[in-house]
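Written out below as structure tokens is the structure these notes cover.
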Amino acid sequence: EPEVTQTPSHQVTQMGQEVILRCVPISNHLYFYWYRQILGQKVEFLVSFYNNEISEKSEIFDDQFSVERPDGSNFTLKIRSTKLEDSAMYFCASVRDRGMNTEAFFGQGTRLTVV
Amino acid sequence: KQEVTQIPAALSVPEGENLVLNCSFTDSAIYNLQWFRQDPGKGLTSLLLIQSSQREQTSGRLNASLDKSSGRSTLYIAASQPGDSATYLCAVRHLGSGNTGKLIFGQGTTLQVKP
């Protein structure tokens with residue numbers, strides 16, 4: 001069964017460093033998302049991406065964040081200068097289309113720890 | 001603004017019991033509602049999706065219902081097993097999001113099924 005793949009599974013970085021989280025969405029999907037989950041809190045939407053551009057972003061997704069689909073298969077989330085409060089589980093998701101019966105599929109997540 | 005709430009936050013039951021998890025949302029203008037399972041430190045596994053025009057969906061021992069007008073969904077688990085122990089999340093795809101497909105999550109119900 002097709003799945004969303006995320007790497008790395010766990011990343012530890014020092015405050016102020018740049019990190020890139022990587023995702024390979026399901027191959028025939030057209031819509032891509034990043035969500036995050038701070039420990040003990042809700043899963044929160046960060047950004048949606050379609051047709052090589054951001055279609056929606058949340059208040060959390062400030063200038064420190066960027067997304068890219070560099071080669072038609074990978075989908076990346078970059079955090080330019082990490083802060084302690086960026087420590088969270090980051091999930092990538094993809095959706096085939098925007099029909100009512102379309103499921104969102106999530107990756108296993110990248111646990112980011114900022115020290 | 002769409003808000004999703006899940007009650008109870010935690011539930012512990014003996015093996016074999018039937019149980020119901022609750023999800024409520026404040027705005028009935030949704031495309032669909034999706035139930036996920038999350039094991040500790042892991043990703044989100046899609047369990048069931050209910051379109052806004054549907055009343056229920058079934059998969060094995062799971063049955064999800066949707067009452068859009070009252071802003072409620074339930075996930076019924078029959079004959080619970082220790083392997084069902086996990087956190088169950090509901091998420092709505094809200095019409096007001098410009099149909100970017102983003103999901104709004106509840107905080108989850110953590111289920112423990114004791115042998």
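The shown structure was predicted, so the numbers you read here are calculated from the model rather than taken from an experiment. Residue numbers begin at 1 in each chain, while the letters A, B, ... track the order of the sequences.
Taking a 6.0 Å sphere around NZ of Lys57(A), one finds it holds 12 or fewer heavy atoms contributed by other residues, nucleotides or ligands. No more than 12 heavy atoms of other residues, nucleotides or ligands sit less than 6.0 Å from atom CD of Glu59(A). Within a 6.0 Å sphere centred on CG of Leu84(A), heavy atoms belonging to other residues, nucleotides or ligands number more than 12. Heavy-atom neighbours of Asp63(A) CG from other residues, nucleotides or ligands within 6.0 Å: at or below the threshold of 12.
Under the rule for a side-chain contact (heavy atoms from CB on, under 4.5 Å), the partners of Asn52(A) that lie at least two apart in sequence or sit in another chain are Phe49(A), Arg69(A).
To the nearest 0.5 Å, atom NZ of residue Lys102(B) and atom CD of residue Gln2(B) are 10.0 Å apart.
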Salt bridge (charged side-chain N to carboxylate O under 4.0 Å, His left out) assessment of Arg61(B) paired with Asp84(B):
CA-CA 10 Å; Arg61(B) 292 183 294 109; Asp84(B) 294 330; 2.8 Å; yes
Working for side-chain contact (heavy atoms from CB on, under 4.5 Å), residues Tyr50(A) and Thr100(B):
CA-CA 8 Å; Tyr50(A) 168 70; Thr100(B) 59; over 6 Å; no
Starting from the C-alpha separation in whole Å, work towards a yes-or-no answer on side-chain contact (heavy atoms from CB on, under 4.5 Å) for Arg72(B) and Asn22(B).
CA-CA 7 Å; Arg72(B) 293 183 183 181; Asn22(B) 297 292; over 6 Å; no
Could you walk me through whether Tyr90(A) and Val19(A) pass the side-chain contact (heavy atoms from CB on, under 4.5 Å) check?
CA-CA 12 Å; Tyr90(A) 287 80; Val19(A) 294; over 6 Å; no
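Residues of residues 103-115 of chain B lying under 4.5 angstrom from chain A, judged on non-hydrogen atoms, are Leu103(B), Phe105(B), Gly106(B), Gln107(B) in numerical order. Residues of residues 34-54 of chain B lying within less than 4.5 angstrom of chain A, judged on heavy atoms, are Gln34(B), Phe36(B), Gln38(B), Gly41(B), Lys42(B), Gly43(B), Leu44(B), Ser46(B), Leu49(B), Gln51(B), Ser52(B) in numerical order. Listed by sequence position, the residues of residues 10-21 of chain B in contact with chain A number zero, using a 4.5 angstrom heavy-atom cutoff.
Contact of the Pro2(A) side chain with the Phe105(A) side chain is not registered, since no non-hydrogen atoms from C-beta on lie closer than 4.5 Å. A 4.5 Å side-chain heavy-atom check between Phe65(A) and Leu77(A) finds at least one atom pair inside the cut-off. Taking 4.5 Å as the limit, some side-chain heavy atom of His94(B) sits within range of a side-chain heavy atom of Asp27(B). Considering only heavy atoms from C-beta on, Val114(A) stays 4.5 Å or farther from Lys83(A) through its side chain.
Only the side chain of Leu89(B) comes within contact range of chain A, with heavy atoms under 4.5 Å apart. For Ser48(A), the part lying near chain B is the side chain, with the backbone staying farther off; criterion is any non-hydrogen pair under 4.5 Å. For chain B, no part of Gln6(A) is nearby; none of its heavy atoms comes within less than 4.5 Å.
Aromatic rings of Tyr33(A) and Phe106(A) (six-membered ring for Trp) have centroids beyond the 6.0 Å cut-off, not under it.
Your options are Ala104(A), Ala93(A), Ser9(A), and the one with the most heavy-atom pairs under 4.5 Å with chain B is Ala104(A). Of the listed residues (Val4(A), Val95(A), Thr102(A), Asp97(A)), the one with the most heavy-atom contacts under 4.5 Å to chain B is Thr102(A).
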